[in-house]
Amino acid sequence: MRMNNKLLILPNIYLLPLIFLVYTNQLYANEPSELGFLYKQVIDAPKNKSYNDAIGKVIAVKDKYKGDQQSLFAINQPLTTLYSYVGQYEKAISFPTDEPLISEDLIENLSPISAVEKILTMSKETQIVMINEAHHIALHRTLTTSLLQKLWSGGYRYLAIETLSKRDVDINIRGYAIERSGTYSNEPVYAEMIRTAKKLGYQIITYDDSSGSEREKVAAKKIYNASFSINKNAKVIIHCGYSHILEKNIKDNRIWLANELANLTGVNPLTISQTNLMESKTLEFENPIYNKILNKFNPKKPIILTDNLGGVWSTMPGQHDVDVVWPRTTYTNTRPDWYINNHDLISFEGKWCRDKYPCIIEIRRKNELNAIPFDRLRIEEEPNEKVVLRLPLHESIIFGFNAHGEQVFKGPTKNH
């Protein structure tokens, strides 16, 4: 595939992750090497703790493409995903979002309702609930996590997760994610979503290990075989990325996972998007309707908009059922409030990094040191303000790693 010394040109955010589904060495076989390993950094960084090196390498590529917005659009995805891995969530929300054309008049007669409560009500009318995410926005995983207990009470017993790898055959026995479990599951919020599901009793379904034109069909068949073929009354939650929730695709002839599942099961899935109306660190990257919704309704929790008959509003009617709109993130001691609220916290100490920066700090459960950390944070330079990390309920260990992923500190958390 020859791309004239450019990254893939992908004007629609729904299509962007597709550049990462083909092994990058093949995808960029005829391209400069720095363009060929962008997503490889996302895959390799968790294996050898090389987050700092990986971020530096992607930034170096980005610097070479200053002024080339099409290339920067593609470079930003692996970069912001890496930032999410290391707890730099504010830097992660610096990615352009798609802008479906929406008339401002359409929201004038709408009212906000709790996203969680409305989804729970709508989930009773189906057997499949599909929730998408932007892979660089860890916040999106908290919606699925917040629904797990109540959907379990409604009979849902399966959680199908896009990012998981078939290499991890023991995840349902072990009950938590480890490094080889998948790609995005190396991010702590994603890992906690999996852990929460297993504690409740969900059967985790790994389904996405194909590529090319058969990817969606193969994925649908795997979900079906692991659930509906066993119990025709099964109820399944699917947590996936971007356009896999599309029930109809008006842009091209591609059939996505939601459509494949509907054809295979006869079930009309509830399809929930979080990726059309997203917060960004740079306002020019946001869909302008997002800010108008916030100004009009001032939500404190994720909302869904409804009309006076109770019908839900979608930015892409006929393609997905409903959009979830999140309030803007607020921060305390450099960390997002949604991330640290309701957790015990510990203040960062320079000795964890041996006072050398940048460094990576991880908080791990003492009895599950192979699990994905409960918290991970990259400290770029000596902080001039208080920085906190969150702690799990049980005993935990602090690990410090230098810029090259070498362990420089290990010790128990004092208040545990």
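For clarity, every value in this text was computed on a predicted model and none was experimentally measured. The first residue of the sequence shown is numbered 1, and numbering continues consecutively from there.
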### Task
Look at the rings of Tyr39 and Tyr184 and say which category their plane angle falls in: under 30° parallel, 30 to 60° tilted, over 60° perpendicular.
tilted

### From CA spacing to verdict: side-chain contact (heavy atoms from CB on, under 4.5 Å), Leu147, Leu120
CA-CA 8 Å; Leu147 287 163; Leu120 290 173; 3.9 Å; yes

### Message
Between Lys91 and Glu380, does any NZ, NE, NH1 or NH2 come within less than 4.0 Å of an OD or OE carboxylate oxygen?
### Response
yes

### Query
How about Asn259 and Lys248: does a side-chain donor come under 3.5 Å of a side-chain acceptor?
no

### Task
Report yes or no: do Thr163 and Ser185 form a side-chain donor-acceptor pair below 3.5 Å?
no

### Query
With sequence neighbours excluded, what pairs up with Phe401 under the ring-ring contact (aromatic ring centres under 6.0 Å, His included) test?
none

### Message
Test: salt bridge (charged side-chain N to carboxylate O under 4.0 Å, His left out). Region: residues 219-230. Which pairs qualify, not counting sequence neighbours?
### Response
Asp209-Lys222

### Task
List the steps and the verdict of side-chain contact (heavy atoms from CB on, under 4.5 Å) for Trp256 and Asn249.
CA-CA 8 Å; Trp256 293 92; Asn249 184 1; 3.2 Å; yes

### Message
Treating His140 as the side-chain partner and Ala134 as the backbone partner, does any N or O pair qualify as donor plus acceptor under 3.5 Å?
### Response
yes

### Query
Is Glu216 salt-bridged to Arg254, going by a charged N under 4.0 Å from an acidic O?
yes

#### Entry: Lys296, NZ atom: more than 12 neighbouring heavy atoms under 6.0 Å
yes

#### Entry: Glu349 side chain to Lys351 backbone, donor-acceptor under 3.5 Å
no

### Query
What is the distance from atom SG of Cys240 to atom NE2 of His135, rounded to the nearest 0.5 Å?
8.0 Å

### Query
Partners of Tyr207 by ring-ring contact (aromatic ring centres under 6.0 Å, His included), sequence neighbours excluded?
none

## Note on the structure
Value for CZ (Phe374) from CZ (Arg195), rounded to nearest 0.5 Å, stands at 9.0 Å

#### Entry: Residues forming a salt bridge (charged side-chain N to carboxylate O under 4.0 Å, His left out) with Arg180, sequence neighbours excluded
none

#### Entry: Distance-only polar pair, side chains of Thr265 and Gln127, donor-acceptor under 3.5 Å
no

### Task
Identify, with sequence neighbours excluded, every residue that meets side-chain contact (heavy atoms from CB on, under 4.5 Å) alongside Pro269.
Ile128, Met130, Glu247, Ala258, Ala262, Thr271

### Message
What's the separation between atom CE in Met122 and atom CD1 in Ile272, rounded to the nearest 0.5 Å?
### Response
7.0 Å

### Query
More than 12 heavy atoms of other residues, nucleotides or ligands under 6.0 Å from CG of Asn231: is that the case?
yes

### Message
Between Trp326 and Gln274, is there a side-chain donor-acceptor contact under 3.5 Å, judged purely by atom types and distance?
### Response
yes

### Task
Could you label the plane-to-plane angle of the Trp352 and Phe409 rings as parallel, tilted or perpendicular, counting under 30° as parallel and over 60° as perpendicular?
tilted

### Task
Quick one: closest heavy-atom pair of Pro358 and Asn52, and the distance?
CB-OD1, 3.4 Å

### Task
Could you check Phe297 against Val325 for side-chain contact (heavy atoms from CB on, under 4.5 Å), going step by step and ending with a plain yes or no?
CA-CA 11 Å; Phe297 300 115; Val325 182; over 6 Å; no

### Task
For residues 326-370, pull every pair meeting disulfide (SG to SG under 2.5 Å), keeping only residues two or more places apart or in separate chains.
Cys353-Cys359

### Query
Who passes salt bridge (charged side-chain N to carboxylate O under 4.0 Å, His left out) against Lys49, sequence neighbours left out?
Glu362

### Message
Considering only residues two or more places apart or on different chains, which pairs with a residue in residues 142-156 satisfy salt bridge (charged side-chain N to carboxylate O under 4.0 Å, His left out)?
### Response
Glu117-Lys150

### Message
Suppose we screen for salt bridge (charged side-chain N to carboxylate O under 4.0 Å, His left out). Which residues come up paired with Asp53, at least two apart in sequence or across chains?
### Response
none

### Nearest atoms (heavy-atom pairs only) where Leu257 meets Ala219
CD1-CB, 3.9 Å

### Task
List in chain and number order the residues that pass ring-ring contact (aromatic ring centres under 6.0 Å, His included) with Tyr224, two or more places apart in sequence or in another chain; answer none if no residue qualifies.
none

### Non-hydrogen atoms of Pro112 and Leu305 that approach each other most closely
CA-CD2, 3.9 Å

### Task
Any pair with a residue in residues 142-183 that passes ring-ring contact (aromatic ring centres under 6.0 Å, His included), sequence neighbours left out, goes on the list, sorted by first then second residue, please.
Trp152-Tyr202

### Task
For Arg376 and Ile360, indicate whether the former's side chain and the latter's backbone hold a donor-acceptor pair under 3.5 Å.
no

### Query
Is any side-chain heavy atom of His244 closer than 4.5 Å to a side-chain heavy atom of Ile238?
no

### Summary
Smallest heavy-atom separation, Val388 atom then Thr332 atom, equals CG2-O, 4.4 Å

### Message
Taking disulfide (SG to SG under 2.5 Å) as the cut-off, I'd like each qualifying pair that reaches into residues 175-220, sequence neighbours left out, listed once.
### Response
none

### Message
Quick one, Asn342 with Arg390, criterion side-chain hydrogen bond (donor to acceptor under 3.5 Å, both in side chains). Give me CA distance, side-chain angles, the key distance, then yes/no.
### Response
CA-CA 9 Å; Asn342 303 315; Arg390 66 180 194 173; over 6 Å; no

### Task
Show your working on side-chain contact (heavy atoms from CB on, under 4.5 Å) between Leu345 and Asn333 and close with a plain yes or no.
CA-CA 10 Å; Leu345 304 175; Asn333 296 322; 5.5 Å; no

### Task
Could you tell me whether a side-chain N or O of Asn186 sits under 3.5 Å from a main-chain N or O of Thr183, the two making a donor and an acceptor?
yes

## Note on the structure
So CZ of Arg215 and CG of Asp208: to nearest 0.5 Å the spacing works out to 4.0 Å

